[in-house]
Amino acid sequence: MTIRVLLADDQTLIRRGFRVLVDSAPDLEVVGEAANGREAVELARSCRADVILMDIRMPELDGLAATREIMADDGLAGVRVLILTTFEIDEYVFEALRAGASGFLGKSVEPAELIDAIRTVASGDALLSPKAVKGLIDRFLAQPELDQAAAPAVLAALTEREREVVGLVATGLSNDEIAERLVVAPMTAKTHVNRAMMKLGARDRAQLVVIAYQSGLVRVGDSS
C-alpha cells in the first residue's frame with residue numbers, strides 16, 4: 001500500500017528536495033505541499049495524507065499549532081506528524097510531542113533515514129532515539145506544570161510490568177532493548193508496550209514518553 005505524504009515547509013527548495021526524495025521510493029507518494037501551517041491543516045483534510053513532514057517555524061500558523069489542530073480533528077485520527085527541525089533538539093519539540101506528533105528528525109538527516117522514518121511513523125511506531133529523549137529530558141521536562149500528583153490516577157490501569165516497560169520506553173529503549181533488559185522475548189515486550197498504549201490512550205511511543213514524565217512515573221535525572 002502506498003504511503004501518502006504531505007510536505008509542510010516555508011522554504012520551496014527544501015520542499016522540492018524532499019518531494020524528489022520521497023517520490024523516489026516505490027511505496028511513498030507526495031500528495032501535497034504546504035508553505036505554512038494553515039495550508040498544512042487544510043491540505044491534511046483534503047489530501048488525506050498518512051504522514052505529514054512538518055517544519056516548526058512557518059508563517060501564519062507554525063508547525064506546533066498546526067500539529068495541535070490536526071491531532072484534535074477526529075476526522076484526521078489516522079494522520080501521523082513527523083516534525084522536521086533545523087537542530088535535532090528544537091525548543092518546541094517537546095510541545096509538539098505533547099500535541100501528538102509521532103517523532104522528529106533533523107533536516108540534515110540522510111536520505112535513507114528519512115525514507116525509513118516515514119515508513120516507521122506510518123506503521124504506527126514513534127521515532128525517538130535515545131539521544132533525542134535525553135535531550136528532551138535535560139532541557140524541557142523539568143517544568144512546574146508536570147503534575148506528578150496525577151500519577152496514581154493516570155497509571156492505575158497498568159500492571160507493575162507495564163509500568164516498568166513504560167519507564168523503559170521513556171528512556172528511549174527499543175522493544176528489543178527492553179526485551180533484553182527484562183529477559184523476555186521481543187514480542188512479549190512489544191505486547192506490553194501495546195497494552196500500555198491502549199490503556200493510557202497513547203497514540204504511540206512518543207505519547208508514552210510524555211505520559212511517563214507528566215505522571216511522574218519517570219523523573220528528570222532517573223537513569224535507564
Side-chain angles (χ1 to χ4, degrees), residues 1-37 39-41 43-58 63-64 66-67 70-71 76-90 92-93 96-97 99-136 169 172-178 186 190 193-194 197 202-209:
M1 186 174 67
T2 300
I3 299 170
R4 298 166 60 82
V5 180
L6 171 62
L7 308 176
D9 195 295
D10 62 335
Q11 297 185 53
T12 303
L13 287 178
I14 288 180
R15 293 200 312 273
R16 297 295 164 79
F18 282 144
R19 174 181 278 275
V20 171
L21 176 59
V22 172
D23 281 341
S24 70
D27 57 333
L28 306 181
E29 176 190 8
V30 174
V31 295
E33 294 184 25
N36 58 63
E39 287 184 2
V41 174
L43 287 175
R45 293 172 177 145
S46 62
C47 292
R48 312 309 301 174
D50 300 304
V51 176
I52 302 174
L53 297 185
M54 183 81 76
D55 187 25
I56 286 185
R57 296 181 178 88
M58 293 187 290
L64 177 58
T67 297
I70 290 167
M71 292 297 104
L76 299 175
V79 177
R80 304 286 176 173
V81 174
L82 180 58
I83 298 293
L84 292 170
T85 67
T86 303
F87 306 101
E88 183 173 357
I89 303 299
D90 187 281
Y92 299 115
V93 164
L97 295 180
S102 293
F104 57 93
L105 286 172
K107 288 185 178 180
S108 60
V109 63
E110 293 294 324
E113 289 182 79
L114 178 61
I115 296 299
D116 286 343
I118 293 171
R119 291 170 179 153
T120 295
V121 170
S123 71
D125 289 330
L127 198 73
L128 285 175
S129 68
K131 179 180 179 182
V133 172
K134 184 179 186 303
L136 291 174
V169 169
L173 296 188
S174 67
N175 288 343
D176 287 346
E177 291 167 332
I178 291 172
K190 182 178 180 180
V193 172
N194 289 342
M197 287 194 295
R203 296 183 184 89
D204 51 36
R205 299 172 82 89
Q207 293 289 290
L208 282 185
V209 171

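Residues take their numbers from the sequence shown, with the count starting at 1.
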Shortest non-hydrogen contact between [X] and [Y], atoms and distance:
| X | Y | answer |
| --- | --- | --- |
| A8 | A40 | CB-CB, 3.9 Å |
| A117 | L82 | CB-CD2, 4.0 Å |
| M54 | A66 | CE-CB, 3.8 Å |
| T2 | L28 | CG2-C, 4.1 Å |
| V79 | A49 | CG2-O, 3.4 Å |
| I118 | V51 | O-CG2, 3.9 Å |

Measure the [atom1]-[atom2] distance between [X] and [Y] for me, rounded to the nearest 0.5 Å.
| X | Y | atom1 | atom2 | value |
| --- | --- | --- | --- | --- |
| I52 | T67 | CD1 | OG1 | 7.5 Å |
| L64 | I56 | CG | CD1 | 6.5 Å |
| I3 | S123 | CD1 | OG | 8.0 Å |

Measuring only between side-chain heavy atoms, which start at C-beta, is [X] closer than 4.5 Å to [Y]?
| X | Y | value |
| --- | --- | --- |
| E113 | L105 | no |
| V30 | R15 | no |
| L84 | F18 | yes |

Revision key, fill the gap. Taken in chain and number order and not counting sequence neighbours, the residues that satisfy side-chain hydrogen bond (donor to acceptor under 3.5 Å, both in side chains) with S174 are E177
Practice item. Using the side chain to side chain contact (heavy atoms under 4.5 Å, CB included) rule, take N36 and E39 through it: C-alpha gap first, then chi angles, then the decisive distance, then the call. Key: CA-CA 6 Å; N36 58 63; E39 287 184 2; 3.5 Å; yes
Please list, chain by chain and in numerical order, all residues satisfying salt bridge (Lys or Arg N to Asp or Glu O under 4.0 Å) with [X], sequence neighbours excluded.
| X | answer |
| --- | --- |
| R48 | none |
| R19 | D23, E33 |
| R4 | none |
| D176 | none |

Exercise for review: Under the side-chain contact (heavy atoms from CB on, under 4.5 Å) rule, collect the residues that match up with M197, sequence neighbours excluded.
Suggested key: V193, N194, A202, L208
Practice item. Have a look at L53 and tell me which of D9, L114, L6, V121 forms a side-chain contact (heavy atoms from CB on, under 4.5 Å) with it. Key: L114
